[in-house]
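Proteins come first, then strands; the chains are lettered A, B, ... in the order of their sequence lines, and each starts at number 1.
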2 protein chains.
Amino acid sequence: MFTQTATRTFSRAANNSPARAQIPGGSFFDSVTLMGAAMPYGRDAEIYGENEPADYVYRVISGAVRTYKVLGDGRRQIGAFYLPGDIFGLEAGEEHSFSAEAISDAKILVIKRTALMALAERESAVAHQLWSVTGQELRRVQDHILLLIKTAKERVGSFLLEMAKRRPSGNDVELPMSRQDIADYLGLTIETVSRTLTELENSASIKIASARHIVLRDRRALALLNR
Amino acid sequence: MFTQTATRTFSRAANNSPARAQIPGGSFFDSVTLMGAAMPYGRDAEIYGENEPADYVYRVISGAVRTYKVLGDGRRQIGAFYLPGDIFGLEAGEEHSFSAEAISDAKILVIKRTALMALAERESAVAHQLWSVTGQELRRVQDHILLLIKTAKERVGSFLLEMAKRRPSGNDVELPMSRQDIADYLGLTIETVSRTLTELENSASIKIASARHIVLRDRRALALLNR
DNA sequence: CGTACCATTGACGACGGTCAAAAAACGTGG
DNA sequence: CCACGTTTTTTGACCGTCGTCAATGGTACG
C-alpha cells in the first residue's frame, strides 16, 4: 500500500510575530507562553522532521497537526493528530521520533526547549509537568495500539468518538484531516475508511453531512464498537 | 477472537527477602536499588492490575514479565515484554494503565514510588531520569505501532530481531513466552504465528530448534522484513 | 466554469482468522 | 526412567474482511 503524501513543501514559515493568543485547553504551558512566539504554517508545511534535534516544543493555537513516520516501502503511519491546545514535539531524548506537518493552515506556539529545561532544573513542579506531558502522550499511544487490533468498523467508530470528545460541539464532528490521513492513522486504506463510513451511515449510526462534517446519530451504537 | 489467558492465579508472593542481586542493564535504578526489595513471583502471577494505584515501580531481576489489557469481548493485547534489567510499572499519573504478570517464575525488584518522587524533588538529575524512563517507554510503544501495521511475516521477523537484540547471545533466541503471548503482542492468532515461523524456517531464514529456541540463520532476510 | 484533487463505489483476490484435528512437548507420579 | 494425561504447538480446510485495481462521482479553487 502506497501513500505518497503530497510533498509540495510550503514555505518553512520564518516569521516571529509575537502573537500571544488565547487558546483552549489550559496547561502549564499557559504560564510559559511568554517564552515562545506564535508562528504560522501553511497547509502541509513541515514543522520538524524525524531525527532532527528536538530543540523546540510546540503548542497548537489554531489549525491541526499530524505526526508520522514513513516505512521503507512508502507506507505511512500517522502517530497522532494535534488540535488547538495540544502540546506536541516534546521529547525526553535529543531527537524527534516522528515528523510533524500542518494539516491545514495553522498557528503554532513555539518554545525553546532549553528555556523549559532550565526552568525545570529549578522548579520541580515544572519538571513534574514535563514528565506528565510525556506520560499523557504515552497513554495516547497505548490507546492507539488498542485501536489497531480492532476491526475496520470498530476503528472508524472509535476514531469518530475520539474526535468528538476532543472537540466538543454536540454531535457534530468537524474533521480537519483527509481520508488518507484517517486511513494512515487507523492502519486502513482510504477505500476501507470510506466504505466503513457509508456503512455506518446506512446503519443510522452517523450522518455524513459533507466529507469532513460527520454528525453522530447513535452514540450508543458507536460506543459498542469501542469496547 | 478469544484469548482466555489461563487465570490460574498463583500466590501473590508476599515475602520480603532482601536479596540485592546483580542484574544486567545498568541504569539509575542501580543507585536506588537499596530502596527496594527483591520479590519472587510464580508463573502467571499478577504483579499489578490495570487501574490499580501505581505505588510501586518494578525492575526485572530474573525471569520475564508481560503487561496487557483485555478488551470487552476478551481480546487481549500485550503492551510489552520486560526482561532482566528492564524497568516497568513507572507511571506519570496515579494509576497503572496496564496489568502486569510474570511470564515465568521471576524475581522482581520492587521500589516505593514515594521514595523515588521524594528524591526527584531534591535531585533534578533523578527527576530527569524518571522522565527519561517514560520517554524510552514512549519510543517503545511507538515502535510497537509500526509493527502492527505490517504483514504477519514482517511482524514475526521484526519480533525475532527485537528479541535477539534485547538478549544478545549470538544467533540464538530464547523465547520466554508462549505462542499465545507472541500472538497477542503482534496482533495475530497463534495459528498465524506458528504458520509464519514454519514459513520462515522453510525459507531458511530461521531454524526452530525447539518451540522456544529459535536460531537466526539469515539476518539479512529478516532485516528486510523490518523496513 | 473548468480542472485538479479528493471521495465514493464496484469487482475481485489474498492474507490472515476460524474451526477442527493431529502432533509435540511438558509435567507428574508410579 | 517410563507411562500417561494435559497443555502447547503445528497443520489442514475453509471463509470473511480488508486490500488492490479501476472507474465514477463530488467538491473546491483558480
Side-chain angles (χ1 to χ4, degrees), chain A residues 1-8 42-44 71 73-77 103-105 147-157 174-184 186-202 206-214 225, chain B residues 1-8 10 42-44 71 73-77 103-105 147-157 159 174-184 186-202 206-214 225:
Chain A
M1 183 186 102
F2 272 63
T3 293
Q4 16 195 338
T5 306
T7 318
R8 38 181 163 153
R43 182 169 190 268
D44 291 336
L71 296 186
D73 61 353
R75 278 173 295 184
R76 182 183 69 159
Q77 175 62 35
I103 290 176
S104 54
D105 288 352
L147 254 195
L148 295 180
I149 65 167
K150 296 183 182 177
T151 65
K153 197 145 110 180
E154 290 170 330
R155 295 188 213 192
V156 173
E174 207 64 49
L175 299 174
M177 72 290 288
S178 68
R179 293 287 186 270
Q180 185 66 66
D181 286 337
I182 297 173
D184 290 349
L186 298 179
L188 299 170
T189 60
I190 44 175
E191 292 95 331
T192 298
V193 170
S194 188
R195 269 188 262 269
T196 305
L197 283 171
T198 55
E199 193 186 343
L200 287 174
E201 181 167 43
N202 290 338
I206 66 172
K207 175 157 194 340
I208 305 178
S210 75
R212 300 196 173 196
H213 179 201
I214 310 293
L225 301 175
Chain B
M1 181 187 104
F2 272 64
T3 293
Q4 14 193 338
T5 306
T7 319
R8 39 182 163 153
F10 276 64
R43 182 170 191 267
D44 291 336
L71 296 186
D73 61 352
R75 279 173 295 184
R76 181 182 70 160
Q77 175 62 37
I103 289 176
S104 54
D105 289 353
L147 254 196
L148 294 180
I149 65 168
K150 297 183 182 178
T151 66
K153 198 145 111 181
E154 290 170 331
R155 294 188 213 193
V156 173
F159 173 72
E174 207 64 47
L175 299 173
M177 71 290 288
S178 69
R179 293 288 187 270
Q180 185 66 66
D181 285 337
I182 297 173
D184 290 349
L186 298 179
L188 300 170
T189 60
I190 43 174
E191 293 95 329
T192 299
V193 170
S194 188
R195 268 188 263 270
T196 305
L197 283 171
T198 55
E199 193 186 344
L200 287 175
E201 182 168 44
N202 290 338
I206 65 172
K207 175 157 194 340
I208 306 176
S210 76
R212 299 194 173 198
H213 180 199
I214 309 293
L225 301 175

*May I ask you to say what A:Thr151 touches in the nucleic acid, namely base, sugar-phosphate or nothing, with a heavy-atom cut-off under 4.0 Å?*
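It contacts sugar-phosphate atoms only.
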*Partners meeting side chain to side chain contact (heavy atoms under 4.5 Å, CB included) with B:Ser194 (sequence neighbours left out)*: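 B:Ser194: no side chain to side chain contact (heavy atoms under 4.5 Å, CB included) contacts found.
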*Please identify each residue that fulfils side chain to side chain contact (heavy atoms under 4.5 Å, CB included) with A:Glu174, with sequence neighbours left out.*
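Side chain to side chain contact (heavy atoms under 4.5 Å, CB included) check on A:Glu174 returns A:His213.
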*Between A:Thr192 and B:Thr192, which has a closest nucleotide on DNA chain D that is more 5'?*
B:Thr192
*So which one's nearest nucleotide on DNA chain D is more toward 5', A:Ala209 or A:Lys153?*
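Result: A:Lys153.
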*Which residues satisfy the salt bridge (charged side-chain N to carboxylate O under 4.0 Å, His left out) test with B:Lys153, sequence neighbours excluded?*
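With neighbours one apart ignored, the set is B:Glu199.
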Protein-nucleotide distance ([X], atom [atom1]; [N], atom [atom2]), rounded to Å:
{"X": "B:Arg155", "N": "C:dC15", "atom1": "CZ", "atom2": "P", "value": "14 Å"}
{"X": "A:Arg212", "N": "C:dC5", "atom1": "CZ", "atom2": "C1'", "value": "11 Å"}
{"X": "A:Leu148", "N": "C:dG16", "atom1": "CG", "atom2": "C1'", "value": "16 Å"}
{"X": "B:His213", "N": "D:dT9", "atom1": "NE2", "atom2": "P", "value": "16 Å"}
{"X": "B:Asn202", "N": "D:dT10", "atom1": "CG", "atom2": "P", "value": "12 Å"}
{"X": "A:Leu188", "N": "C:dC15", "atom1": "CG", "atom2": "P", "value": "18 Å"}
{"X": "A:Leu186", "N": "D:dG19", "atom1": "CG", "atom2": "P", "value": "10 Å"}
{"X": "A:Ile149", "N": "D:dC18", "atom1": "CD1", "atom2": "P", "value": "13 Å"}

*Step by step, would you call A:Leu188 with A:Val156 a side-chain contact (heavy atoms from CB on, under 4.5 Å)?*
CA-CA 10 Å; A:Leu188 299 170; A:Val156 173; 4.3 Å; yes
*Among residues 193-201 of chain A, which residues get a heavy atom nearer than 4.0 Å to DNA chain D?*
A:Arg195
Nearest-0.5 Å distance, [atom1] of residue [X] to [atom2] of residue [Y]:
{"X": "B:Thr196", "Y": "B:Phe159", "atom1": "OG1", "atom2": "CZ", "answer": "12.5 Å"}
{"X": "B:Leu200", "Y": "B:Lys207", "atom1": "CG", "atom2": "NZ", "answer": "14.0 Å"}
{"X": "A:Ile103", "Y": "A:Arg43", "atom1": "CD1", "atom2": "CZ", "answer": "10.0 Å"}

*From the list D:dT9, C:dG10, C:dG17, which nucleotide is the closest neighbour of the side chain of A:Glu191?*
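The answer is C:dG10.
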*So which nucleotide from C:dT8, D:dT10, C:dG17 ends up closest to the side chain of A:Arg179?*
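So the side chain of A:Arg179 is nearest to C:dT8.
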*Divergence of helical axes at both termini of the helix from C:dC1-D:dG30 to C:dG30-D:dC1 - five pairs an end, 10° steps*: 50°
*asked:* Looking at B:Thr189, I'd like to know whether one of its side-chain N or O atoms comes within less than 4.0 Å of OP1 or OP2 on C:dG17.
replied: yes
*Yes or no on side-chain contact (heavy atoms from CB on, under 4.5 Å) for A:Met177 and A:Ser104, after CA distance, side-chain angles and deciding distance?*
CA-CA 8 Å; A:Met177 72 290 288; A:Ser104 54; over 6 Å; no
*Any N or O donor-acceptor pair linking the side chain of A:Gln180 to the base of C:dC5 at under 3.5 Å?*
no
*asked:* Testing the basics here: between B:Ala183 and B:Ile190, what is the closest heavy-atom pair and its distance to 0.1 Å?
replied: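 Between these two residues, the closest heavy atoms are CB-N, 3.6 Å.
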*Excluding sequence neighbours, so at least two apart, what forms side chain to side chain donor-acceptor pair (under 3.5 Å) with A:Thr151?*
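For A:Thr151 the side chain to side chain donor-acceptor pair (under 3.5 Å) partners, ignoring immediate neighbours, are A:Glu154.
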